[in-house]
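Let me begin by presenting the structure, written as structure tokens, before commenting on it.
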Amino acid sequence: MSDSPARHLALQGASNFRDLGGYPTTDGRTTRWRHIFRSNHLGQLTAADIEIVRALGVRSAFDFRGVEERAAGVCVVSEITVHSLPIEPSVVAALRTELASGTLTAPVALELMRESYRNYVRHHTNSFRNLFGHLLEDRAPLVIHCTAGKDRTGFASALILHALGVPDDVIAEDYLLTNRHYKRDATAAFDLPEDVRDAIGSVEASYLAAAFETIGSEYGDLETYLRDALKLGTTERAALRARYLQS
């Protein structure tokens, strides 16, 4: 629809700032525009960017970055209250271990990425459970982010869209939009080979699939994970949909 708001907001200091609105659900509704945003970090926004984010009314940020990441890129929008839901990054350190032992290849990097997604489920479910606790308090408009806004944020966004009833193929499309919009930091992990940097600087369907396969193996199915691990029972799911869906 031509009268829909822009999904991707072209900010100078954040390349992956996107709206989760306008997606259809299986019950014939759509996700609300301008309620939930997903982004890379908000530490390099320009003055013009800050005005755009202020105009959106964003007052809360849910930040999955680890301690050092947060210190290196503090949110520059004074009105935004930042809630830390830390998941320490592990992939680059693991890649450097492989590099030092002479075993680093692009396929190894891809598998390390998939393993990091499996670990979101195995070791960091509490951070995602806490996110939904905040979403149920209706703090919108809000933004969810990590450093690149693609992995920790990508999995969180997929969980949100699943909980709201968005079909799998639409969720996959949203996830892969990172490859169109995210501009990598050319100085990041510059000591690693280019094909390895490509693997960790983009997203692919197998990464997200690894997380959901782990949900299946550890919890039986996604509905059980939402209910038992993320504490989204029938009442909570209905409350989420009332807040973040429109007819």
| Arg129 and Asn126 side chains, donor-acceptor separation under 3.5 Å | no
| Is it true that Arg184 and Asp198 make a salt bridge, defined as a side-chain N closer than 4.0 Å to a carboxylate O? | yes
| query | Hey, what do you get for CG (Leu135) to CG (Leu142), rounding to the nearest 0.5 Å? | reply | 6.0 Å
| field | Basic-acidic side-chain contact under 4.0 Å: Arg54, Glu79 | value | yes
| message | A quick test of your reading: do over 12 heavy atoms of other residues, nucleotides or ligands sit less than 6.0 Å from CD of Glu236? | response | yes
| Taking atom types as modelled, is there a side-chain donor on Ser116 or Arg152 under 3.5 Å from an acceptor on the other? | no
| field | Glu137 with Arg243: basic N within carboxylate O range, under 4.0 Å | value | no
| message | Between Thr125 and Tyr225, is there a side-chain donor-acceptor contact under 3.5 Å, judged purely by atom types and distance? | response | yes
| said: Looking at Glu213 and Arg114, is there a salt bridge between them, counting it only when a charged N and a carboxylate O are closer than 4.0 Å? | reply: no
| query | Pick from Leu42, Leu45, Asp49: which one makes a side-chain contact (heavy atoms from CB on, under 4.5 Å) with Phe17? | reply | Leu42
| said: If the test is ring-ring contact (aromatic ring centres under 6.0 Å, His included), which one of Tyr207, Tyr175, Phe212 qualifies with Phe155? | reply: Phe212
| query | Ion pair present between Arg197 and Glu194, side-chain N to carboxylate O less than 4.0 angstrom? | reply | no
| Is it true that Glu223 and Arg237 make a salt bridge, defined as a side-chain N closer than 4.0 Å to a carboxylate O? | yes
| task | Could you give me the CA-CA distance, side-chain angles and deciding distance for Ser127 and Asn130, then say whether side chain to side chain donor-acceptor pair (under 3.5 Å) is met? | result | CA-CA 5 Å; Ser127 287; Asn130 290 338; 5.5 Å; no
| query | Within 45° of the ring axis of Tyr219 and under 6.0 Å from its six-membered ring centre, is that where the NZ or CZ of Arg227 lies? | reply | no
| query | Is the backbone of Val67 close enough, under 3.5 Å, to the side chain of Glu88 for a donor and an acceptor to pair up by distance? | reply | yes
